Amino acid sequence: MRNLAFRLPLRVTIPCLLLFLSSGLGFYSFITEAQETYKRQENRILEQADFYSEKTVTLLEFIFRRVNIDNASLDGAKLVIGEMGEETNLKLLAFLDENNLILVSKDYQLKQKSLINTNLSPFYSQIQRVRKTRIQEKEWSDDRQTLKVITPVILPPKPNQLRPQVGTLVSIYDLTQTKKLAYQDALNRSLQMNGVVLIICLLLWLFFELTLTKRVSRLVLVSQNLAQGNLSDRSRLEGSDELAQISAAFDQMAEKIEQDTYILQESQLELQQKATELEKTLTQLKQTQTQLLQSEKMSSLGQLVAGIAHEINNPVSFIFGNITYAKEYTNSLLHLISLYQTHYPQPIPEIQTEIDELDIEFITSDLQKMFNSMLTGSQRIADIVQSLRSFSRLDESDIKTVDLHENLDNTLMILKHRLKAQGSRPEIKIIKNYGNIRLINCYVGQLNQVFMNIFINAIDALETVPQNSPPQILINTDIITDSDKKQWVKIEISDNGSGMAETVRSRIFEPFFTTKPVGQGTGMGLAISYQIIVEKHQGQLLCTSTPGEGSTFVISLPIIS
């Protein structure tokens, strides 16, 4: 019964239902009337076609039995065709002899023409069949707007022959205009009926308005006033029907609510004071949390900018300090040398000695290598800038579909300056075991912040690795399926650093907990990462660690189809 409940007020629903009912009845009556009218018109045309075809054939046969096929008989046939062709619905009337020559036609242009040279050529096979069977054929067009009638005409035999000739009379009736008039007539009758139905529906609507809708509206208005706090309003509907009984019960309920409300208001004042104090405390906590989150975010961005500045400085200085002038000088010198070699193939001994000392071929080859180095530096700049844009994505706060492998690579590109050898620590080796994972929907910027925090912690842990143990970071990605057949993207980031004791590992996701010296960490990086993975992405963030062997962070993100 819940599906039968109305979504609109009764004052709108009842008129709509009545309007829909009247429209449906009117449409049904119009369709029925139009179909019946069309059927009557088609039957009338069929009867008319039978009558005129029979009458025309009889006259033609009579004329040609009395006179041979000559001009006199054709004149008589023209009179018959002309008389019959005056019928309003008759579009075309043509009389053909046994050789398919049009002797007489309502259309003057078809006279004395062969059938195959006219627009009647598609009827050739039917005309031949009628001439052979000597049985009249009728055929409607696909849209039933045109009726085609082919009737055999028995003509006298040719001289020296006993077999009579068989001609054909082709009649084409067009009902387009007739059906338009019938359609208009049916429409007029339907409109008249719709007017009567509409008046009945208006009377029904007036009845429901006075007996049901108006009273229900009063009950709804009182309910709304009660919901808004006006507890003194009552419906007080008169009568003994169901609505009156509901009204009485509703008024009793309103009186009970009014009494209970006054009792609760006193308790509410005390609770409101406590709630106000709690709200102030919560607001302060939220502000503090926001400040800490922003501080951690800015700290990550600061590291990001420092890394980019370190990577971009040398390529920019090298390329933009040399490429413009080197290109101009090289082009000028090579052009000058080419001109000299063309016009002075045999230089004087002093110039030849200088050419041999300069080793022109070596300079040309080395210049090409220099330009290749500049091109490599330019590509390096482009890679760094692209990594910055892909990593930060500060303008994308909504969920995006991304390739996690690209995000991991971009984060490593930003941190490349920290992966290089520094002091007594050798270069940190990155080992990637990427699986065939799908694109995933996530908050890109926040997920990049998680990767940044985990990689920074791994690099910090590798600062204390002894020389006989080369530092490395291992990245594994794969798709796993749990017991509920739900798929997850699993990302493992492991290092071979010093590891953590269990007392430290169990608290690494707590806010403000850090083992780094003052000024090197806020203790919020992993706490924020946990919040991003678990709360924002409904995933899992776990950590396992063995002292002396290293640590592993496992990120599991659900794949939502």
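Just so we're clear, the structure is a prediction, and the values are computed from it rather than from any experiment. Heavy-atom basis, side chains included; hydrogens, waters and symmetry copies ignored.
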_Check: Pro470 main-chain N/O paired with Asn496 side-chain donor or acceptor under 3.5 Å_ = yes

*Any Ile454 side-chain heavy atom under 4.5 Å of Ile555 side chain*: yes

*About how many Å separate CG of Leu439 and CG of Asp403, when rounded to the nearest 0.5 Å?*
6.0 Å

*Tell me, do Met500 and Ile508 make a side-chain contact under 4.5 Å, heavy atoms counted?*
yes

*By salt bridge (charged side-chain N to carboxylate O under 4.0 Å, His left out) - contacts of Glu277 (at least two apart)*: none

*asked:* If I compare all heavy atoms of Leu541 with all of Val534, which pair ends up nearest, and what's the gap?
replied: N-CG2, 4.4 Å

_Do Phe455 and Ile428 have side chains that approach each other closer than 4.5 Å (heavy atoms only, starting at C-beta)?_
no

*Verdict with supporting geometry, Gln540 and Ile533, side-chain contact (heavy atoms from CB on, under 4.5 Å)*: CA-CA 6 Å; Gln540 297 178 357; Ile533 296 298; 5.6 Å; no

*Please step through side-chain contact (heavy atoms from CB on, under 4.5 Å) for the pair Lys490 and Ile479, ending with a clear verdict.*
CA-CA 6 Å; Lys490 183 179 180 181; Ile479 293 180; over 6 Å; no

*Got a second to check how far Arg507's CZ is from Leu526's CG, nearest 0.5 Å?*
13.5 Å

_Closest non-hydrogen atom pair, Pro426 against Pro471_ = CG-CD, 3.5 Å

*Could you tell me whether a side-chain N or O of Thr481 sits under 3.5 Å from a main-chain N or O of Lys486, the two making a donor and an acceptor?*
no

*Between Ile532 and Gln449, is any pair of side-chain heavy atoms under 4.5 Å apart?*
yes

*How far apart are the closest heavy atoms of Asn407 and Thr411, and which atoms are they?*
O-OG1, 2.9 Å

*asked:* With a sphere of 6.0 Å drawn around CD of Glu502, does it hold more than 12 non-hydrogen atoms of other residues, nucleotides or ligands?
replied: yes

*Within a strict 4.5 Å, meaning less than it, do heavy atoms of the Phe451 and Ile491 side chains meet?*
yes

_Can you list everything that forms a salt bridge (charged side-chain N to carboxylate O under 4.0 Å, His left out) with Lys432? Sequence neighbours excluded, please._
Asp409

_Rounded to the nearest 0.5 Å, what separates atom CG in Asp495 from atom OG1 in Thr552?_
7.0 Å

*How close do Val489 and Ile437 get, heavy atom to heavy atom, and via which atoms?*
CG1-CD1, 4.1 Å

_Do Leu408 and Asn410 have side chains that approach each other closer than 4.5 Å (heavy atoms only, starting at C-beta)?_
no

*Using the side-chain contact (heavy atoms from CB on, under 4.5 Å) rule, take Leu447 and Leu404 through it: C-alpha gap first, then chi angles, then the decisive distance, then the call.*
CA-CA 9 Å; Leu447 199 59; Leu404 294 181; 3.4 Å; yes

*Between Leu269 and Leu271, is a side-chain contact (heavy atoms from CB on, under 4.5 Å) present by the stated rule, with each step listed?*
CA-CA 6 Å; Leu269 292 174; Leu271 293 176; over 6 Å; no

*Is any side-chain N of the basic residue among Glu427 and Lys429 closer than 4.0 Å to the acidic one's carboxylate O?*
no

*Can you tell me how far CD1 of Ile431 sits from CD of Gln472, rounded to the nearest 0.5 angstrom?*
4.0 Å

*Is the side chain of Glu535 donor-acceptor paired with the backbone N or O of Tyr530 at a distance under 3.5 Å, no angle test?*
no

*So, the side chain of Arg425 versus the backbone of Lys420: is there a donor-acceptor pair under 3.5 Å, distance only?*
yes

*Within a reach of under 6.0 Å around CG of Asn433, are more than 12 heavy atoms found that belong to other residues, nucleotides or ligands?*
yes

*Check whether any side-chain heavy atom of Leu419 lies under 4.5 Å from a side-chain heavy atom of Ile430, and answer yes or no.*
yes

*Would you confirm whether Ser545, through its side chain, and Gly550, through its main-chain N or O, come within 3.5 Å as a donor-acceptor pair?*
yes

*Looking only at non-hydrogen atoms, find the nearest pair between Gln446 and Lys536 and report the distance.*
OE1-CG, 3.4 Å

*Please step through side chain to side chain donor-acceptor pair (under 3.5 Å) for the pair Asn453 and Ser529, ending with a clear verdict.*
CA-CA 7 Å; Asn453 290 333; Ser529 300; 3.1 Å; yes

_Side-chain donor-acceptor pair present, Thr401, Asn441, cut-off under 3.5 Å_ = yes

*Any sub-3.5 Å donor-acceptor pair from His537's side-chain atoms to Cys442's backbone N or O?*
no

*Could you give the distance from CG (Leu542) to OG (Ser556), rounded to the nearest 0.5 Å?*
6.5 Å

*asked:* Restricting to non-hydrogen atoms, name the atom on Phe509 and the atom on Cys543 that form the minimum distance, rounded to 0.1 Å.
replied: CZ-CB, 4.3 Å

*Quick one: pull up CD in Gln273 and CG in Leu278 and give me the separation to the nearest 0.5 Å.*
12.0 Å

*Under 4.5 Å between any side-chain heavy atoms of Ile473 and Ile459, yes or no?*
yes

